[in-house]
Amino acid sequence: MRIRFGECVLDSETRELLVRGQPVHVSPKAFQFLELLLESRPRALSKNEIHEKLWPGTFVSDGTLTSLLAEVRSAIGDDAHEPRFVRTIHRHGYAFSGKADEERVPALQSASRPRCAYRLFTGSREIALEEGETVLGRDPDANVFIDHVSVSRRHARVTIAGDRATIEDLESKNGTAVRGERIRGVTLLTDGDEIRLGSAPVTFRVFPLSGSTATAERSD
């Protein structure tokens, strides 16, 4: 889902929020909150419904949701006193009330052969990354299971979208670092990047794919 509103674009595939064409950092929960409001527009969501979506089975105070709202408004330039995008419904919840249009991105990869293969290397393992999202973590149900004491159950998410690869920390306990720097939002990955999930090292590689298979010479 890629939705444009005002000078902003929320891209669910790349997990990016763009404002005037530039990526703006928001926390993963704030991104989910804005994404939920956009997906549900123009329907008003109750606070209970939002809590169940963002923190299923976990109790959090209304103050936490208020803080997320403030973070979202700051990121998209929405004034709490004269809101253009997020409307507060007293004693109920919130709704996205601005004009928003979904943008269709041509599925180029379905019409042509991918130009690169993406891999993660950890220890002796080589892990192929497919188009879309791959969750890394110590949860046996994660897309890529990494059994290390410093790795959270759902630690990080790698997203492959065409010729672009990004990684995002999923509020893990010990954090995610790329090229020696702890990341705070969606971060672009390049060939040879050293990633640390907690203290577990992972290497990201990109391999260009050649064209058609050459015919081997035969010797009679």
Side-chain angles (χ1 to χ4, degrees), residues 1-19 22-78 80 83-89 92-98 100-103 105 132-139 141-144 151-161 164-176 182-188 197:
M1 180 181 74
R2 183 181 171 93
I3 296 180
R4 179 177 296 276
F5 56 98
E7 297 177 311
C8 309
V9 174
L10 180 137
D11 193 323
S12 294
E13 293 295 322
T14 62
R15 309 300 294 178
E16 285 183 306
L17 174 63
L18 306 175
V19 178
Q22 298 299 315
V24 173
H25 168 68
V26 291
S27 66
K29 285 297 182 188
F31 186 96
Q32 285 180 265
F33 180 36
L34 179 57
E35 185 178 42
L36 178 61
L37 291 173
L38 284 164
E39 287 177 342
S40 305
R41 71 187 191 283
R43 184 170 70 87
L45 299 174
S46 70
K47 290 182 181 180
N48 286 340
E49 187 174 359
I50 295 169
H51 278 266
E52 281 302 311
K53 293 287 187 180
L54 299 185
W55 300 280
T58 303
F59 173 78
V60 294
S61 68
D62 284 347
T64 302
L65 183 54
T66 302
S67 296
L68 278 189
L69 175 62
E71 182 182 352
V72 166
R73 280 185 166 151
S74 175
I76 65 178
D78 202 28
R84 292 186 299 154
F85 302 119
V86 183
R87 179 168 59 94
T88 300
I89 298 93
H92 179 75
Y94 305 99
F96 189 91
S97 58
D101 299 302
E102 188 165 351
E103 297 184 341
V105 180
E133 298 181 353
T134 300
V135 173
L136 318 176
R138 200 152 49 92
D139 189 329
D141 292 329
N143 302 114
V144 175
V151 175
S152 296
R153 293 178 65 82
R154 289 174 56 86
H155 196 105
R157 178 193 293 114
V158 174
T159 302
I160 305 296
R164 180 183 173 87
T166 59
I167 188 169
E168 174 186 11
D169 185 76
L170 298 178
E171 298 183 337
S172 65
K173 181 178 180 180
N174 295 309
T176 300
R182 186 160 178 169
I183 63 174
R184 301 297 179 187
V186 176
T187 300
L188 189 67
L197 307 176

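Note that the coordinates shown come from a computational prediction; the quantities given were computed from them, not determined experimentally. Note: hydrogens, waters and symmetry copies are ignored here, and every other heavy atom, side chains too, is used.
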Validation row: [X], [Y] side chains within 4.5 angstrom (heavy atoms):
| X | Y | result |
| --- | --- | --- |
| Phe33 | Leu65 | yes |
| Arg164 | Thr166 | yes |
| Leu170 | Val135 | yes |
| Pro83 | Arg73 | yes |
| Val26 | Leu34 | no |
| Val158 | Glu133 | no |
| Leu18 | Leu10 | no |
| Phe31 | Val72 | no |

- If the plane angle is over 60° it's perpendicular, under 30° parallel, otherwise tilted; pick one for Phe85 and Phe96.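 Judged by the thresholds at 30° and 60°, the geometry between Phe85 and Phe96 is parallel.
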
[Y] backbone acceptor or donor facing [X] side chain under 3.5 Å:
| X | Y | result |
| --- | --- | --- |
| Arg138 | Val151 | yes |
| Ser74 | Ala70 | no |
| Arg87 | Tyr94 | no |
| Asn48 | His51 | no |
| Asp11 | Glu16 | no |
| Ser67 | Gly63 | yes |
| Asp78 | Val86 | yes |
| Thr66 | Asp62 | yes |
| His25 | Ala75 | no |
| Ser152 | Lys173 | yes |

- Task: Begin with the C-alpha distance, continue with both residues' side-chain angles, and end with the deciding distance and a verdict on side chain to side chain contact (heavy atoms under 4.5 Å, CB included) for Ile50 and Leu68.
- Result: CA-CA 11 Å; Ile50 295 169; Leu68 278 189; over 6 Å; no

Shortest non-hydrogen contact from [X] to [Y]?
| X | Y | result |
| --- | --- | --- |
| Gly175 | Asp169 | C-OD1, 3.6 Å |
| Ala95 | Ala44 | CB-CA, 3.6 Å |
| Thr176 | Ala156 | OG1-CB, 3.9 Å |

Please report the interatomic distance [atom1]([X]) to [atom2]([Y]), rounded to the nearest 0.5 Å.
| X | Y | atom1 | atom2 | result |
| --- | --- | --- | --- | --- |
| Thr64 | Leu54 | OG1 | CG | 10.5 Å |
| Arg153 | Leu136 | CZ | CG | 15.0 Å |
| Leu38 | Arg2 | CG | CZ | 13.0 Å |
| Glu7 | Gln22 | CD | CD | 12.0 Å |

Within a reach of under 6.0 Å around [atom1] of [X], are more than 12 heavy atoms found that belong to other residues, nucleotides or ligands?
| X | atom1 | answer |
| --- | --- | --- |
| Lys53 | NZ | no |
| Glu13 | CD | no |
| Arg41 | CZ | yes |

- Task: Show your working on side chain to side chain contact (heavy atoms under 4.5 Å, CB included) between Ile183 and Ile167 and close with a plain yes or no.
- Result: CA-CA 9 Å; Ile183 63 174; Ile167 188 169; 4.0 Å; yes

- Message: I'd like to know whether Lys29 forms a salt bridge (Lys or Arg N to Asp or Glu O under 4.0 Å) with Glu35, so could you lay out the CA-CA distance, the side-chain angles of the two residues, the decisive distance to 0.1 Å, and finally the verdict.
- Response: CA-CA 10 Å; Lys29 285 297 182 188; Glu35 185 178 42; over 6 Å; no

- Message: We want to know whether Glu168 and Thr159 form a side-chain donor-acceptor pair, criterion being a heavy-atom distance below 3.5 angstrom.
- Response: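 No, no side-chain donor-acceptor pair sits under 3.5 Å.
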
- Query: Please walk me through it: do Leu17 and Val9 pass side chain to side chain contact (heavy atoms under 4.5 Å, CB included)?
  - Reply: CA-CA 6 Å; Leu17 174 63; Val9 174; over 6 Å; no

- Got a salt bridge between Glu49 and Arg43, using NZ or NE/NH1/NH2 to carboxylate O under 4.0 Å?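 Yes, this pair counts.
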
